[in-house]
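Structure first, commentary second.
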Amino acid sequence: MANSILLTILEVILMPLVAFIVGLFMVLMMRKLAAKLQRRVGPPLFQPLYDIVKLYGKQTQISHGLIHDIGIIMAVGGYVAAEALLPVPGMDGIAAKGGLVTLAYLMMVPSLGLALGVGQCANPNGSIGISRALTAMLAYDIPFIIVIFGVAYHFGSTNLVSIIATQQAEGIAGWGISEMPILAIAGLFALHASLGKQPFEIYIAPAEIATGPMVEMGGKFLGGLFVMQTFQLYTASVLYVSLFLGGGENWVTFLIKCFAVLAIPVLIAYLFPRYRTEDLIRLVWKWPVMLALLGVAFVMN
Amino acid sequence: MKSTDLDRIEVNPKTMPKRTNPLANVFDDLVRFCRSRSMFMLHYCTGCGAIELPPAMTSRFDMERLGIQPMVTPRQADILLITGYVSIKTLKRVILTYEQMGSPKYVIGICSCTVNGGMYWQSYATAKKLDEYMPVDLYIAGCMPRPEAVIEGLQQLMDKIKNDQANSWKQYYENYDYYLGNQQKLFGNNWQTPTDVIGEAEIYRLMGPQTLGEHTKILQQVQKPMEPLEMKL
Amino acid sequence: MSMLDTLLLISLLTVLLTGLGQRVTFIGWIATLLLTAQLLTLLLMGKLGYGGEIIDASFGFSILGQPLNWRYDALSWFFALITIGSALAGSAFAAGAWGDQYRKEGGNPGLLQFSIALNVLAMLLLLGSGDLLSLFIGWELVSWASLLLMVIAGGRASEFGMRYIVYATAGAMAVLAGLAIIFQLTGSFAYDDLAAVAPALNTLQIVTLTLLFFFGFGIKMGLLPFHLWQADAYAETPGPGTAFLGAISSRMGLYAILVVIIQLIGLVRLIEIEIPYSFLSLRDLLMWVAAISIIIPTFIALRQSDARRLLAWHGIGQGGYMLIGLLVLDPYGSAGGLMHVFNHATYQAALFLSVSAVIYRTRTSDLNRLGGLVTRMPLSFLVMLIGIIGLAGIPPMNGFVSKWLVYRSLIIEGMPLLFVASVIGTLGTILSVYKLIHNTFLGQLRLEHEHIREVPLSMTIPMLVLSAIVFITGFMPGLVLDWVGSAQVALGMPQLAHTLGGVESTQGSLDMIWVCSVLFGGFAVGALLFYSGNKAKRVHQLDNYAGGHFLTADVRYHYSDNFYAGLMHHIGSWYRGSFLWLESSLISVVSSLSGGAQLLYNSFHPALYLLMAITLSLYFFIG
Amino acid sequence: MNNIAFNIALPLLAAFLLPVIHNGSAKASRLVGPFVLLAMCWFAAAYFIFIEHPVALALGGFLPPLGISFHLDQLSLLMAVIIPLMLLLLWPYTNREGFREEALLLLLAGASSGMALSGDLFNIYVFYELLSVASFGLAASTHNGAAFAATFRYLVISGLGTVLALTGIGLIYTQTGTLNLAHIGQLAAQLDNNVGLAAFALIVLGIGVKAEIFPVNGWVPEVYATAKPRISALLAGLISKLAVLAIVRLLVVAYADTDALSLLLVLGILGIIWGELSAWRAKDLKRMFAFSSIGQLGMVLVAFSIPGEAGMFAGLAMMLHHLLVKPALFMLTENWSGSISSLTGAARQSPLGAALFILFALSLIGVPPFPGFWAKLIMVTGLVGADDSLYLLALGILLTATVIEANYLIRCAIQLYAPADENSSQSAKHGRLTLSISSALGVVLIISLFSITPLGNKLYQIAAEASNRSLYINTTLSNAQVPALRKIQ
């Protein structure tokens, strides 16, 4: 008993660390892909790390108050905790104690933290950014949650570990994507929107609202958000892999799947200009929701 | 403009004394390296020089391979690019922006106008020498300098940062009185920015002998205090 | 004399003392003390919460041949605990400085305390009802007692109270009709007789009874389409009264629905009844009413610019979760629904109290006239933060656990659309609670609020205690699930097997102790990272990015109005006020009918009517 | 047994002698009325308490069906007790204007006692006429134009009503050849035809003028709005009930299982709809109560139309409740006349009055645990028990009407407690007498609230007796007592 608790604690410590490192490479891949698409060279290998170290190493830091600080702590901490709920090859963490729905809601903690921190900055650009981000969340979470329903219903469980185990037991034919292709497409759409990349990045709109939530974030505050971004990319892709691509049999296939999943939206992203908020809602509430409902209809049949 | 004014400022490059702890040294070196390889720039497009920046950023010259990215707000930025002549009205905003940036911060003056007013030398409304109002790390002269020159300049700045020679931002704290005096000359004695430079200098131990002086006294007399809103029970 | 007698006696004593001591300045503390005594008495009955024997009242009446009796089972105890708890919080909040200020402004804190005590007594009687007649009596007492609480603020509050009582009377009349039908069928008002006869009822009878009771009791819950009265009526009640009403008042409707529809008539019967030309059973119809009651009020809340109205609208929406969970008819859903009653009461009371604290200091609850108060009222901020996390149903607060149970049952039972509806409600809630906390506590502090301070201790303690409960029961939901389990048994439902941290199941379990610990561990990591950077200097709120503009204190630099402009651009046109239109057209119909009716009496030809009447009646008999 | 006749004779005598006494001693004349009423109370109460089964009393030396017969059962005696009590309560103690009103009131007392006790259709008619005359005088006693106009309207409708009633009685006589109620009951089969039913309809419409039955109640709002509150209280509370009772007697005895029930039901429903709807938009308190009592009497009528004991029980409960509540409410209008909007802040000037208003309003709406609720509950269960779609419709309308009623009554209550504004009347304070009358009724209400169980049982007993048709017939026709010959057991 004590042993297993210790083991769990060890996993809970390791999992965010792995997530951070993988996430750094995901950020790199994203920027590299964007650069390639734009016929640029792109950043060097450790660029994401340089950015983060530099930001944390800033000499003067500006804070607008305690909640500003706590917001960043919550933003990072929430994702650190969320990673413990995402099973990876060899490590389950506390995935069995939380499950899919818990994960979905735990992922709102960092957003809430960020929103609080931005609010304390007293900058309208930030508040507008948050209002847009929350609106976008309302938009893409609806297809996302339908997808989660479909998957959970299909596998008869909200436990990610058993969902992954079921998929792996049957091989590729048992993967979510083969059994629920429509849901998988809808899920990918929702995943893309949730990343906040083009064309869904109205909430950071640099030229318009000065990168929205990040407007007053400098130094370690921005650094925290960079860390959060690594986790965000990691979480989104691993969740998708766990739901539809049979999770990770081993680290190699796992990472390949993760990066591949992430590459799709990134490749699409840089081809589009951004949507306005209302267009974003219209788009996301129309196609992915329709697809997801159709998928659920198939699943429940 | 008396030349003695500039004499009061220690001339760059000035090297900082190394810390004795070797581990701390390694750490400092690492941080400096990262700083040099990750520069977020805020391009304050005051004049024609700005037109040369997009090519420098996009596929032709691709700044990102050097770790340079454009940023939008002073809070996020490391480099302030002043790309052209600075009118007196603009200068107020430039100073505000500069003070809002988090240190270490670097200023690059692009185009001749920032060096000596350029073709606006005779204009009554143009600030001629940028470095009277804020410490400038690097000038890229030319009217306008081509993207290659900009990149070249940025690379020089990278080297300076790496070698711990780009410490002009400390000048601003240590010689605040001098810069403030010049600013007051231009804008009048009621000049005040929201940023509490002296307070920052105190907190981050950047006070020098010239931080306070006659001009800061004027400032302290006329300014409306902007105490941070601390939490109270 | 049983414990129940003692409880009711103390409650009666509270009512009498607060009623008589209107002019005593420390009446609030007396009320608080007596409510504490009630709570203690209830806790002495605590065995009920863990499956103890039903406690009967030793008194009882027999009126017109119908026995009336009162008794407490686990369900009553659970609801009574919430009732007295929230009343105590409200009463204690109002007892000290709040009451003094209220008195200075011309209010009567004694009357407020009296109405709270009266409401508690009425609710305790309702919760203890042992037959349908005492249920109805308790129901009416609760309805009219809460009217008192709603109208004591005077002014617009009376209008809203008026509107409430029309709805409430309509509901009561529906219930009365239902009771009469039951009396006709069984010849008595006893629970057992109804339960015995229920399986033999035909479809028409079941449908009639269900609809009558569902809407009769549902009006109190603000179920659509009878939701219009609630938010306004609650919002205009003086602060602590709002907290009390918002926490528990509407749940009386749920209690009655639980007892009559779920326990006595039986959900199984409702599932059997198919609605023609649809895929729905009667139970599904009710669930959809609940689901729509989640969505529409939540999105109405999103549009509010008054903190109290915003919260009050959410109160309606959250009621839908409870109902939907209970109607799923599996241990998870019903446990979630019941637990949500408790959870909602705790965080809603905390939220209303926090808003009251803000009003106490700033004299306004207009979300466009506040901002930046976190530096001045940090404790109230903390309470509101905990409250909104609970309300939005995000871990680690208790609201998440109950919603999780509801979601989970909807997923496993395969109800996708209802599940989506409830999630949409949650998302809407997140949006609007962020607006609430942002516009109140975050952003720019207004000049006129520079010098305000945190509210006094007499107000912060009840708030903090409530938020502590919100957190603790989120951290260890097993504490509440024990009581919920006993209540499930009392209702005749399957009991939810649970642990201290949540539930264990092969189909997905939840262990909040682990989740919360990991979350706080995560926060610790975040803090470690954060504080590894150089220390931050606090700056004034005007040292802010404004595109190079110099900000001054008189510039309003706070984004609050039309907060979700982008969303409203899209869905704004969906707010048509159809229900308001429906209501007002109903009123105009009554009004014109009434005018028409008066015509008969206003003119001078009564003889003509007489003649007409004779002709008609002769035709009636002879023709 | 014979002294129950005093209940009729004494007040009538006193009414006629009052001018004479007044000429002799004004002070003494003022004592006569209360004394007579007390005596009436005493006689009636004695009978009410000691009577064990219904008794028929033949006056004039002939046995029924030929003689004039009085029917003494618990119901009629109860009314006989209530009449003097009510009058005592509403007696013009502070009246300094002279004896006329007192004489009229005594006349009213006699006539109404006669109506309550009489077992003969023609006698009922005669007493009804007497009652009408007295009530015209009382209604006009305000001595102003509006009151005269209202009374004139009342008089016209009432006059037409009398003609109708007389026609109806005539029709009954042609069909059965008798006017004794018990005898009519025996021959009820002969009335179960179109002519008989038409007769009933005519009587209902005729006597219904006093009972505020739709549509012959056109006089109600104006008269109540212009008469003194005491008089309105009397008319709405007491007189209407006596008229209803007369109809109900006829119904029970002769028309219990005919279409007559549906007639009453339809008229009652219409009364509820018209009364409550009009009250909803009434601008002043007096008219509001007037309309409300139309609605309430509609409910009473609906209740009585339920077949069997249940109907009698429900009807009596509703009727007695209204009898208790409406006078009290009318009394409160004394200084609360004028538009309702001028009542803002009245509660501050007359806190007891406002509290009583709320008490009676709640009971009238039927909020448990007030007696009004129990009355309504009995009625509702009765309506459902009747098991007929028309009765269910009536139930729906009754419940809807309750909502409307709650709306306007509580609107007034809230108005009373609202802070005073520029519209508010300056003198909304009640007189001590008004308050004590209302309070007395309030105390009765509260007492009945706490003794609802025995009251309910007693009422059920009364209802069972009153709805027992054969008992009525047998009592009169086989056991009638000639007072000179037998003594009370």
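Sequence lines set the chain letters: A, B, ... in the order given, protein chains first and strands last, and positions in each chain run from 1. Note that the structure is predicted; figures quoted are calculated from it, not measured.
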Contacting moiety of C:Y564, where chain A heavy atoms sit under 4.5 Å: both
Could you look at C:K435 and say if it's the side chain, the backbone, both or neither that has a heavy atom under 4.5 Å from chain A? neither
Side chain, backbone, both or neither: which part of C:F419 has a heavy atom under 4.5 Å from chain A? side chain
Salt-bridged, A:D279 to A:R282, with N to O below 4.0 Å? yes
Can any side-chain N or O of C:Q444 pair as donor or acceptor with the backbone N or O of C:G371 at less than 3.5 Å? no
Counting N and O atoms only, with roles assigned by atom type, does the side chain of C:Y347 sit under 3.5 Å from a partner on the main chain of C:N398, one being a donor and the other an acceptor? no
Chain A contact via C:N439 - side chain, backbone, both or neither, heavy atoms under 4.5 Å: neither
Name the member of A:V80, A:I128, A:I72 that forms the most heavy-atom pairs with chain C at distances under 4.5 Å. A:I128
Side chain from CB out, backbone as N, CA, C, O: work out which of these in C:I437 comes under 4.5 Å of a heavy atom of chain A, or both, or neither. side chain
Region of C:I571 in contact with chain A, defined by heavy-atom distances below 4.5 Å: side chain
Of A:A75, A:G219, A:G65, A:G156, the largest count of non-hydrogen pairs under 4.5 angstrom with chain C goes to A:G65
Output the distance between atom CE (A:M290) and atom CH2 (A:W285), rounded to the nearest 0.5 Å. 15.0 Å
Just give me the residue among A:K220, A:M228, A:M74 that pairs up with chain C most often, heavy atom to heavy atom, under 4.5 Å. A:K220
So which heavy atom on A:V296 is nearest to which on C:P416, and how close? CG1-CB, 3.7 Å
When A:V109, A:L280, A:I70 are compared by non-hydrogen pairs under 4.5 Å with chain C, the top option: A:V109
Heavy-atom pair count under 4.5 Å with chain A, highest-scoring of C:M568, C:R538, C:H540: C:R538
Whatever's closer than 4.5 Å to a heavy atom in chain C on A:E216 counts as side chain
For residues A:D69 and A:S63, is any side-chain donor paired with an opposing acceptor at under 3.5 Å? yes
Look at C:K403, C:H558, C:K535 and state which one has the largest set of heavy-atom pairs under 4.5 Å with chain A. C:K535
Given that the side chain runs from C-beta out, which part of C:S532 has a heavy atom under 4.5 Å from chain A: side chain, backbone, both or neither? side chain
Are A:Y105 and C:Y407, when compared by the centres of their aromatic rings, separated by less than 6.0 Å? yes
Report the option among C:G443, C:S560, C:G547 that has the most heavy-atom pairs separated by less than 4.5 Å from atoms of chain A. C:G443
Given that the side chain runs from C-beta out, which part of C:F563 has a heavy atom under 4.5 Å from chain A: side chain, backbone, both or neither? both
Bottom line for A:I163: the part with an atom under 4.5 Å from chain C's heavy atoms is neither
May I ask you to test the C:E450-C:R376 pair for a side-chain heavy-atom distance under 4.5 Å? yes
Does any heavy atom of chain A fall under 4.5 Å from the side chain of C:V525, the backbone, both, or neither of them? side chain
Quick check for you: to the nearest 0.5 Å, what is the distance between C:E413 atom CD and C:Y332 atom OH? 11.0 Å
Between the side chains of A:S157 and A:S162, does any donor sit under 3.5 Å from an acceptor? yes
Closest contact, heavy atoms only, A:Y140 versus A:V284: CA-CG1, 3.7 Å
Using non-hydrogen atoms and a 4.5 Å limit, figure out which bit of C:L410 sits close to chain A: side chain, backbone, both or neither. backbone
Quick check: do C:R303 and C:Y575 have side-chain heavy atoms less than 4.5 Å from each other? yes
Backbone N/O of A:I202 and side chain of A:Y275: donor-acceptor pair under 3.5 Å: no
Please determine, among C:G526, C:G521, C:G502, C:G428, the option with the most heavy-atom pairs under 4.5 Å with chain A. C:G526
Counting heavy-atom pairs under 4.5 angstrom with chain C, the leader among A:I13, A:I62, A:L116, A:N125 is A:L116
Among A:I145, A:V101, A:V76, A:N159, which residue forms the greatest number of heavy-atom pairs with chain C at distances under 4.5 Å? A:I145
Could you tell me which portion of C:V515 (side chain, backbone, both or neither) has an atom closer than 4.5 angstrom to a non-hydrogen atom of chain A? both
The interface call for C:I389 against chain A, heavy-atom contacts under 4.5 Å, is side chain
Side chain / backbone / both / neither for C:S517 at chain A, heavy atoms under 4.5 Å: neither
Check for me whether the distance between the ring centres of C:F520 and C:F471 falls short of 6.0 Å. yes
Tell me, for C:L417 versus chain A, whether the close heavy atoms (under 4.5 Å) come from the side chain, the backbone, both or neither. side chain
Counting heavy-atom pairs under 4.5 angstrom with chain A, the leader among C:I430, C:L385, C:L528, C:L510 is C:L510
Can you tell me how far the CG atom of A:L160 sits from the OG1 atom of A:T102, to the nearest 0.5 Å? 9.5 Å
For the atom pair CG (A:L10) and CD1 (A:I5), what is the distance rounded to the nearest 0.5 Å? 13.5 Å
